[in-house]
Number of protein chains: 2
Amino acid sequence: MSSIRDLARGLGVSIGTVSRALNGRPDVNAATRARILAAAEAQGYSANPAARSLRKGSTNIVGFLFAPPEANSPLADVFFMDVVQGVQGALCDESLELVVLPCPTDDSPEAYVRRLVSRRFFDALIVMGGRDTLNAELVRSGVPVVGLAGSGGLSALVDFDHQATFADAITRLVNLGHTRVAAAPACPGRPVNAARVQHWLTPSTTEAEGRALGVELLSLDPLPTALIVENDAVAAGIYAALRTSGREPGRDLAVISCRSTARGRNLQPTPASYTYDPALIGAALARTVLGLLSGQPADGSVALAVGGVFVEGSSAGRPPV
Amino acid sequence: MSSIRDLARGLGVSIGTVSRALNGRPDVNAATRARILAAAEAQGYSANPAARSLRKGSTNIVGFLFAPPEANSPLADVFFMDVVQGVQGALCDESLELVVLPCPTDDSPEAYVRRLVSRRFFDALIVMGGRDTLNAELVRSGVPVVGLAGSGGLSALVDFDHQATFADAITRLVNLGHTRVAAAPACPGRPVNAARVQHWLTPSTTEAEGRALGVELLSLDPLPTALIVENDAVAAGIYAALRTSGREPGRDLAVISCRSTARGRNLQPTPASYTYDPALIGAALARTVLGLLSGQPADGSVALAVGGVFVEGSSAGRPPV
DNA sequence: CTGAAAGCGCTAACAA
DNA sequence: TTGTTAGCGCTTTCAG
């Protein structure tokens with residue numbers, strides 16, 4: 001409704017001064033600034049974002065692309081909107097507007113995103129999943145694009161802190177008294193306390209691989225008393241393999257899953273596992289965006305790692321005496 | 001990147017002509033228009049939305065407010081993002097941009113929305129649920145606000161077509177051979193075939209009310225053979241009341257619920273009920289927004305009613321012989 | 001049918 | 001420390 005002109009006229013100052021005061025520029029008399037801020041507040045004035053964007057060439061908007069989740073995505077059970085709320089919480093302090101962009105399902109997502117980009121609708125984009133080819137194209141267009149975990153070709157990434165989680169799992173098992181610990185993590189690298197692990201088995205991420213892993217495990221003699229796996233699906237596979245051989249998971253073998261998924265919901269014993277707080281993921285995404293926007297290099301590397309939270313389960317007790 | 005100037009210069013026409021051609025104005029030579037459209041397409045030109053907004057005073061953006069759902073809301077089990085997709089599908093044809101606005105949880109939703117409105121961030125807003133006081137304030141500010149069902153104080157509403165659903169339920173029961181049909185719908189008004197209903201019981205919406213309804217029902221002599229209730233929660237209450245008196249729902253009394261909810265998920269027999277397609281709800285919301293934007297009166301009335309879809313269940317068979 | 005030009009509200013460079 | 005002013009890219013009136 002009211003423009004910067006009205007505000008300036010009412011106060012008997014120039015619009016330039018009002019603009020400087022409102023934007024927190026240092027070269028404004030303290031008293032003048034106070035008067036201006038008070039008047040703006042009183043009149044509920046707020047700068048026209050279209051005019052500002054036109055002038056500055058940037059929109060102050062961060063987009064969060066919502067592409068309907070693929071069923072087999074490892075992210076499918078991370079609640080999208082919870083992550084969004086996490087981003088929002090961290091972004092609104094910086095007076096950046098966060099908007100969720102719903103990708104039309106029938107139309108091609110590529111066309112949609114391209115249109116948005118060519119219109120310079122946002123200053124930065126957050127994606128979860130998404131196709132690598134599209135990502136690469138976006139990055140080439142100059143928009144900072146940040147994503148989570150697996151996504152390729154982005155400006156920067158937020159990832160799960162696999163190392164820390166893995167190290168925590170080892171520590172827990174050792175503290176429980178386990179001396180023969182096996183691990184089949186799918187993430188590359190070794191945690192600091194890797195020496196506590198006696199057996200390194202084939203990296204596995206699916207339930208089928210978990211069953212194969214069980215066979216591999218059962219060929220060991222003596223049998224380990226504890227096993228660390230990538231996720232609940234692998235745990236389910238291990239459970240099946242153990243039971244086929246007459247053994248009971250939890251009792252005969254302690255199992256810790258590094259990533260809680262929907263598959264673990266109805267598993268008995270309930271897998272001791274790790275979840276990643278959507279709010280924390282969101283906050284990390286927001287901080288990464290902020291970094292990129294303030295000039296941090298966009299080399300596609302992992303900018304921030306989010307720590308997991310341990311979830312008690314009945315699958316990881318003390319070793320049999 | 002490229003502006004309307006570049007485009008015009010490259011073609012040897014004025015920017016005014018380019019603008020008119022691109023906006024589909026009638027007063028442009030057909031050949032000129034074709035040349036301009038082709039060049040725009042080739043260069044991937046797309047008008048700067050900030051400049052356009054500044055000039056036109058409108059943003060071409062429709063906002064969809066995402067407020068974390070209240071647990072007891074009757075809408076809680078309608079999947080928000082599915083509705084959004086429905087809106088998107090119907091809106092992108094009109095070259096309106098749909099964005100989901102995530103209400104910060106910690107900050108007051110009121111402050112957030114007010115800020116957005118005062119910045120004229122969108123031309124229209126869609127809300128689901130939301131507080132009546134805020135809604136009224138929005139409408140007063142002149143932005144068209146449309147919502148679903150219960151929301152009060154809006155510019156226009158989309159509602160479930162209770163009448164049609166109710167009528168369909170009656171028809172189904174009569175066709176199954178029921179002659180003593182009772183109904184306890186919570187929605188006002190009577191369907192066209194209301195005469196087929198023998199008993200009108202107390203309107204009920206909760207499980208507790210459902211149990212009370214069961215008592216009321218059981219006092220009838222002879223007992224009706226079929227009952228139409230508002231939703232699955234009421235059905236659950238009815239089930240409990242029937243069983244207390246030694247009767248079995250489905251066998252001794254056919255039950256149809258007018259609204260499928262999460263409560264019915266684990267109910268036995270599974271309630272025959274009605275769902276409302278999120279995509280259809282979304283499309284209706286979009287059409288309502290479009291209507292408002294093209295000048296339809298914003299009197300807060302129900303602009304569109306969405307029909308329910310019957311979901312087979314084991315709770316509504318033929319009457320006992 | 002087309003061109004010229006005003007001006008939407010704002011920021012920033014420049015002048016005072 | 002403040003005022004003045006150009007101009008961001010577009011739509012739209014007004015002349016021609």
Side-chain angles (χ1 to χ4, degrees), chain A residues 1-37 39-40 43-61 95-97 115-123, chain B residues 1-37 39-40 43-61 95-97 115-123:
Chain A
M1 209 80 262
S2 72
S3 79
I4 198 173
R5 295 193 100 86
D6 306 329
L7 198 56
R9 242 194 307 261
L11 288 162
V13 295
S14 76
I15 59 170
T17 303
V18 172
S19 175
R20 283 187 292 259
L22 258 24
N23 287 304
R25 290 308 176 75
D27 52 354
V28 179
N29 180 292
T32 313
R33 160 171 290 132
R35 276 204 309 143
I36 293 175
L37 287 176
Q43 301 183 27
Y45 169 81
S46 148
N48 181 325
R52 183 199 290 252
S53 294
L54 179 56
R55 177 63 231 240
K56 307 228 300 180
S58 66
T59 58
N60 252 313
I61 294 175
S95 73
L96 283 170
E97 221 53 77
R115 203 186 69 215
L116 255 25
V117 168
S118 78
R119 294 191 184 174
R120 301 222 121 57
F121 192 80
F122 40 69
D123 293 346
Chain B
M1 208 81 261
S2 72
S3 78
I4 198 173
R5 296 193 98 86
D6 307 328
L7 198 57
R9 241 192 310 258
L11 289 161
V13 296
S14 76
I15 59 170
T17 302
V18 173
S19 175
R20 283 187 291 259
L22 258 24
N23 288 304
R25 290 308 176 76
D27 52 354
V28 179
N29 180 293
T32 313
R33 158 171 291 132
R35 276 205 309 143
I36 293 174
L37 287 176
Q43 302 183 27
Y45 170 80
S46 149
N48 181 324
R52 182 198 290 253
S53 294
L54 178 57
R55 177 62 231 240
K56 307 228 300 181
S58 66
T59 58
N60 252 312
I61 294 175
S95 73
L96 283 170
E97 221 54 77
R115 202 187 68 215
L116 255 25
V117 169
S118 78
R119 294 191 185 173
R120 299 222 122 55
F121 193 81
F122 40 69
D123 293 346

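Protein chains get the first letters and strands the later ones, always in sequence-line order, with residue 1 at the start of each.
The CG atom of A:Asn23 sits 10 Å away from the P atom of C:dC10 (whole-angstrom rounding). Computed from coordinates, the B:Leu22 CG to D:dG9 P distance equals 16 Å when rounded to whole Å. Rounded to whole angstrom, the span from the CZ atom of A:Arg9 across to the P atom of D:dT2 amounts to 20 Å. Rounded to an integer number of Å, the gap from A:Arg52 CZ to D:dG9 P is 18 Å. One can place CZ of A:Arg33 at 10 Å from P of D:dT1, the figure rounded to the nearest angstrom. When the C1' atom of C:dG7 is taken as reference, atom CD1 of A:Ile4 falls 16 Å away, rounded to whole Å. Atom C1' of nucleotide D:dC8 and atom CZ of A:Arg120 are separated by 14 Å, given to the nearest angstrom. Separating the CZ atom of A:Arg119 from the P atom of D:dG9 is a distance of 17 Å, rounded to the nearest angstrom.
The side chain of B:Arg55 lies closest to C:dC8, out of C:dC8, C:dC10, C:dC1.
When side chains are defined from C-beta on, A:Leu96 does not count as touching A:Ile61, because their heavy atoms never get closer than 4.5 Å. Within the 4.5 Å cutoff, side-chain heavy atoms of A:Leu22 are placed close to those of A:Leu7.
Projected onto DNA chain C by closest heavy-atom contact, B:Ala51 and B:Arg20 fall at different nucleotides, the more 5' of which corresponds to B:Arg20. Mapped onto DNA chain C by nearest heavy atom, B:Ser14 and A:Leu54 fall at different nucleotides, with B:Ser14 at the one closer to the 5' end.
Residue A:Tyr45 places at least one side-chain N or O closer than 4.0 Å to OP1 or OP2 of C:dC10. The phosphate of D:dC8 has neither OP1 nor OP2 within less than 4.0 Å of any side-chain N or O from B:Asn48.
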Determine whether B:Asn23 and B:Arg52 satisfy the following criterion, side-chain contact (heavy atoms from CB on, under 4.5 Å), listing intermediate values before the conclusion. CA-CA 11 Å; B:Asn23 288 304; B:Arg52 182 198 290 253; 3.6 Å; yes

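When heavy atoms are screened at a 4.0 angstrom cut-off, B:Asp27 is found touching base atoms of the nucleic acid. Across all strands shown, B:Arg25 has heavy atoms under 4.0 Å from sugar-phosphate atoms exclusively, and none from any base. At a threshold of 4.0 angstrom between heavy atoms, the contacts of A:Thr32 are confined to the sugar-phosphate backbone, with no base atom among them. Among the heavy atoms of the strands lying under 4.0 Å from B:Ser19 is at least one base atom, whether or not backbone atoms are also near.
A donor-acceptor pair is defined here as one N or O able to donate and one able to accept, closer than 3.5 Å; such a pair exists between the side chain of A:Asn48 and the backbone of A:Ala50.
Once rounded to the nearest 0.5 Å, the distance linking OG of B:Ser46 with CZ of A:Arg120 reads 10.5 Å.
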